**Student:** 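First the structure, which I've put down as structure tokens, then a few questions once you've had a look.
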There are 2 protein chains.
Amino acid sequence: MKKKIEFRSQCPISTALDIFGDKWTLLVIRDLLFNGKRTYGEFLESEEKIATNILADRLSILEMAGIISKKKHPDSNAKILYNLTAKGIDLIPVLIEIIAWSEKYHDVHPYAKKFAKQLHKDKEKVVRQLFENFTKK
Amino acid sequence: MKKKIEFRSQCPISTALDIFGDKWTLLVIRDLLFNGKRTYGEFLESEEKIATNILADRLSILEMAGIISKKKHPDSNAKILYNLTAKGIDLIPVLIEIIAWSEKYHDVHPYAKKFAKQLHKDKEKVVRQLFENFTKK
DNA sequence: AAAAGTACTTGCAAAATGCAAGTGATTTCG
DNA sequence: CGAAATCACTTGCATTTTGCAAGTACTTTT
């Protein structure tokens, strides 16, 4: 299972969609960025209920795309830690704008509304703090 | 063909992906926002070569989601004009961040690089001008 | 009146997704 | 120490979505 990603054109949007243009990939990145998830089992627990084979497929795509990397878990050799690369961390602004847009037009969780309110007040600060969270480690 | 959109959760990102989480939908919005396309035939011409049935399906989803609307073409009754609603126009920042991210990490068209350079210089200005373009009409 | 344009729809093969069960390597528990 | 549980997947198969080619119905051009 190591097919490489085919790019349909040199349009940056098309290229981005060739990587994460589906219903699941950005949810994995969401879990890494906002929910502190790092292991296969944690991704499976999310409320949207991704199937195990789809998760495995998306993790391999994200790794091939250089958005996440694997390393061994400090506590156990049975576990694997997934973490965002610089390329993955740089998706923060994309996710932030999706959240802001979606919250404006849809019915979302109360904590998503609260988060959107913070964005409305000082988006730069929220983004900066997220970046700091992931670049300090 | 009027199935409504099912939302998997109340997460704003998940909800957004339930609407445009595929390889084609955001390309249609791209064409509306950046390439001045407004008709079915124009969308078909894009270099990624969307299939006619997929295009019809995505246009109906975008209309159901309130992102685009149809109106009659002033020149012809055979043509239909598609245009972005306020909800669609508000996707500008999402697309902008995708472009900025994708250009940073991938090999893209020269004019996409040029556009990204403008973003780097003054993103607010580029976004503001895009909004003005679509709200003045 | 015929041909071309426009916005689709239809039929069918191929690919992707979803679900349930299974695998093999750790790790925990008694 | 051995059995059961945990962990990260893989496999098989049914369902759904996509992709391609062709067709349709209406309008416009010639």
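Proteins come first, then strands; the chains are lettered A, B, ... in the order of their sequence lines, and each starts at number 1. Below, each value reflects all heavy atoms present in this structure, side chains not excepted, and no hydrogens, waters or symmetry copies. The structure presented is a predicted model; accordingly, all values stated were derived computationally and were not measured.
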**Student:** Using the side-chain hydrogen bond (donor to acceptor under 3.5 Å, both in side chains) rule, collect all pairs that involve residues 122-131 of chain A, keeping only residues at least two apart or in two chains.
**Tutor:** A:E97-A:K123
**Student:** Distance check needed: C:dA15 P versus A:I5 CD1, whole Å only.
**Tutor:** 18 Å
**Student:** Can you list the residues that meet the salt bridge (charged side-chain N to carboxylate O under 4.0 Å, His left out) rule with B:D31, with sequence neighbours excluded?
**Tutor:** none
**Student:** Using whole Å, what does the distance between atom P of nucleotide C:dT27 and atom NE2 of A:H73 come to?
**Tutor:** 10 Å
**Student:** When the distance from CD of A:E63 to P of D:dA8 is rounded to whole Å, what number comes out?
**Tutor:** 14 Å
**Student:** Taking 4.0 angstrom as the limit, do A:R30 and A:E48 come out as a salt bridge?
**Tutor:** yes
**Student:** Report, one pair per line, the protein and nucleotides 25-29 of chain D atoms (nitrogen or oxygen only) whose separation is under 3.5 Å.
**Tutor:**
{"from": "D:dT27", "atom 1": "O3'", "to": "B:A78", "atom 2": "N", "distance (Å)": "3.4"}
{"from": "D:dT28", "atom 1": "OP1", "to": "B:N77", "atom 2": "N", "distance (Å)": "2.5"}

**Student:** Please identify each residue that fulfils ring-ring contact (aromatic ring centres under 6.0 Å, His included) with A:H120, with sequence neighbours left out.
**Tutor:** none
**Student:** Give every donor-acceptor pair under 3.5 Å between a side-chain atom in residues 65-73 of chain B and any protein atom, sequence neighbours left out.
**Tutor:**
{"from": "B:K72", "atom 1": "NZ", "to": "B:N77", "atom 2": "OD1", "distance (Å)": "3.2"}
{"from": "B:H73", "atom 1": "NE2", "to": "B:D75", "atom 2": "OD2", "distance (Å)": "3.4"}

**Student:** For A:L55 and C:dA16, give me the distance from atom CG to atom P, rounded to whole Å.
**Tutor:** 18 Å
**Student:** Each nucleotide in nucleotides 17-22 of chain C should get exactly one letter: B, S or -. Can you fill that in based on protein heavy atoms under 4.0 Å?
**Tutor:** SBBBB-
**Student:** Could you check A:D18 against A:R8 for salt bridge (Lys or Arg N to Asp or Glu O under 4.0 Å), going step by step and ending with a plain yes or no?
**Tutor:** CA-CA 7 Å; A:D18 290 331; A:R8 289 170 291 174; 2.7 Å; yes
**Student:** May I have the distance from A:L59 (atom CG) to D:dC7 (atom C1'), rounded to whole angstrom?
**Tutor:** 13 Å
**Student:** Tell me what A:K72 touches on the nucleic acid: a base, only sugar-phosphate, or nothing, going by heavy atoms under 4.0 Å.
**Tutor:** nothing
**Student:** The test is side chain to side chain contact (heavy atoms under 4.5 Å, CB included); show your working for B:L27 and B:I50 and say whether it passes.
**Tutor:** CA-CA 9 Å; B:L27 294 188; B:I50 188 170; over 6 Å; no
**Student:** Taking atom NZ as the centre, does B:K121 end up with more than 12 heavy-atom neighbours from other residues, nucleotides or ligands that are less than 6.0 angstrom away?
**Tutor:** no
**Student:** In whole angstrom, give the distance that lies between atom CD of B:E6 and atom P of D:dT16.
**Tutor:** 13 Å
**Student:** Please report, rounded to the nearest Å, how far the C1' atom of D:dT6 is from the CD1 atom of A:I80.
**Tutor:** 13 Å
**Student:** What integer distance in Å separates A:E42:CD from D:dT6:C1'?
**Tutor:** 13 Å
**Student:** Going by an N to O cut-off under 4.0 Å, is there a salt bridge joining A:K104 and B:D90?
**Tutor:** yes
